[in-house]
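Quantities reported herein were computed from a predicted structural model and do not represent experimental measurements.
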Amino acid sequence: MSNHIVARNYEDLSAQAADRIARIVTEKPGAVLCFASGHTPIGTYRVLVEMARQGHVDFSLCHFIGLDEWVGIPSYSEGSCRYLLDTHFFKKIKVHEGQTHFFDGMAADLQAECRKMDETIARLGGLDLMLVGIGMNGHIALNEPGTPWHLRSHVAELDEMTCTVGQKYFNQETPLTKGITLGLQYLREARLPMLLSAGADKAPILRLALEGDVTEQVPASIFQVLEKGVVISC
């Protein structure tokens, strides 16, 4: 069972998550870090940027893996997963292009994109950290309810709830039907799988994931069987 930490508030959640990430990088300067997009980890990235500016952590040798991306959305689009991480993290710590590895949601051959990402992660020796959030339907990354846990990178048909909630990232209504994502096999293999959940609206699904049945119908319930997992919520 993963270690569940209940933070005092969002700032405490962000600080605790950032501290754990910084420790990984201090112990292994060339760590391979998989970062989620979404609103919940933005505070964590803000703390990490400040730690880097103050010289408390050095990301110059790290490699960064993008967790997922909307299919059909270019990386420069305001709603893309890449755009969020560029805006809140990469551009603020001057990461060079060779350190970042993202899915291209505009690729003509999405299966080739999946193979390329799997090969990249294998070449880098696996993930030291896989940071994820939890969706309102219990999804992790774009692994929707019912997705087999043994998958690696794959293309996902998006759940209706994900398509609806995903509109919050865009400044105009944007059709969302598919995503390209790391599978939960990577979460099972990561040296530190970490889930962040903030806000009262996520509390019921988080409780179901951590206390209900362990089932592929609630992807986040995988944290019940991850011995090295850490869940931080507020």
Inset, instruction - Please step through salt bridge (charged side-chain N to carboxylate O under 4.0 Å, His left out) for the pair R191 and D128, ending with a clear verdict. - result: CA-CA 5 Å; R191 294 173 185 90; D128 293 294; 3.1 Å; yes
For residues [X] and [Y]: do they belong to one hydrophobic cluster (side chain heavy atoms under 4.5 Å, members Ile, Leu, Val, Met, Phe, Trp, Tyr)?
X	Y	answer
I5	L129	yes
L67	L184	yes
V155	L142	no
L131	V32	no
F103	L110	yes

Legend entry - Listed partners of H4 passing side chain to side chain contact (heavy atoms under 4.5 Å, CB included), at least two apart: V6, L206, L210, V231, S233
Inset, instruction - Mind checking side chain to side chain contact (heavy atoms under 4.5 Å, CB included) for T215 and listing every partner two or more places apart, or none if nothing turns up? - result: D213, Q217, V218, S221
Looking at [X] and [Y], would you say the former's side chain and the latter's main chain have a donor-acceptor pair under 3.5 Å?
X	Y	answer
N143	I140	yes
W70	G79	yes
D12	A7	no
S37	C81	no
Y10	T40	yes
E69	D104	no
Q224	A209	yes

Heavy atoms only: give me the nearest [X]-[Y] pair and the separation to one decimal.
X	Y	answer
L226	P193	CD1-CB, 3.9 Å
C62	L33	SG-CD1, 4.1 Å
L13	A198	CD1-CB, 4.4 Å
D109	A112	OD1-N, 3.0 Å
A36	P41	O-CG, 3.7 Å
A141	D68	CA-OD2, 3.2 Å

Within a strict 4.5 Å, meaning less than it, do heavy atoms of the [X] and [Y] side chains meet?
X	Y	value
C114	R152	no
L127	M130	yes
L61	V25	no
L195	I232	no
T100	F35	no
Q185	L151	no
F223	L187	yes
L196	M194	yes

Partners passing ring-ring contact (aromatic ring centres under 6.0 Å, His included) against [X] (at least two apart in sequence or in another chain):
X	value
H154	none
H39	Y169
F102	F90

Inset, instruction - Would you sort out whether E11 and R46 count as a salt bridge (charged side-chain N to carboxylate O under 4.0 Å, His left out), showing the intermediate values? - result: CA-CA 10 Å; E11 289 70 26; R46 189 182 306 124; over 6 Å; no
Legend entry - Partner residues of K92 under the side chain to side chain donor-acceptor pair (under 3.5 Å) criterion, sequence neighbours left out: none
Inset, instruction - Check the side chains of E144 and T162 for a donor-acceptor pair under 3.5 angstrom, ignoring hydrogens and angles. - result: yes
Once rounded to the nearest 0.5 Å, what's the spacing between atom [atom1] of [X] and atom [atom2] of [Y]?
X	Y	atom1	atom2	result
S60	K94	OG	NZ	13.0 Å
H101	M117	NE2	CE	8.0 Å
L158	K178	CG	NZ	9.5 Å
I205	S197	CD1	OG	9.5 Å

Legend entry - Working for side chain to side chain contact (heavy atoms under 4.5 Å, CB included), residues I222 and V214: CA-CA 7 Å; I222 195 172; V214 177; over 6 Å; no
Tell me whether [X] is salt-bridged to [Y], with the criterion being a basic N under 4.0 Å from an acidic carboxylate O.
X	Y	answer
E113	K116	yes
D86	K91	no
R20	E27	no

Inset, instruction - Kindly assign one of parallel, tilted or perpendicular to the pair F59 and F89, based on the angle between their ring planes and the thresholds 30° and 60°. - result: perpendicular
Inset, instruction - Give the intermediate values and the outcome of side chain to side chain donor-acceptor pair (under 3.5 Å) for residues Q99 and H63. - result: CA-CA 5 Å; Q99 289 178 260; H63 281 268; over 6 Å; no
Legend entry - Over 12 foreign heavy atoms within 6.0 Å of CD, Q54: yes
Inset, instruction - Go through the steps to decide whether E97 and R82 satisfy the test salt bridge (charged side-chain N to carboxylate O under 4.0 Å, His left out), and finish with yes or no. - result: CA-CA 12 Å; E97 190 65 26; R82 175 67 191 257; 3.7 Å; yes
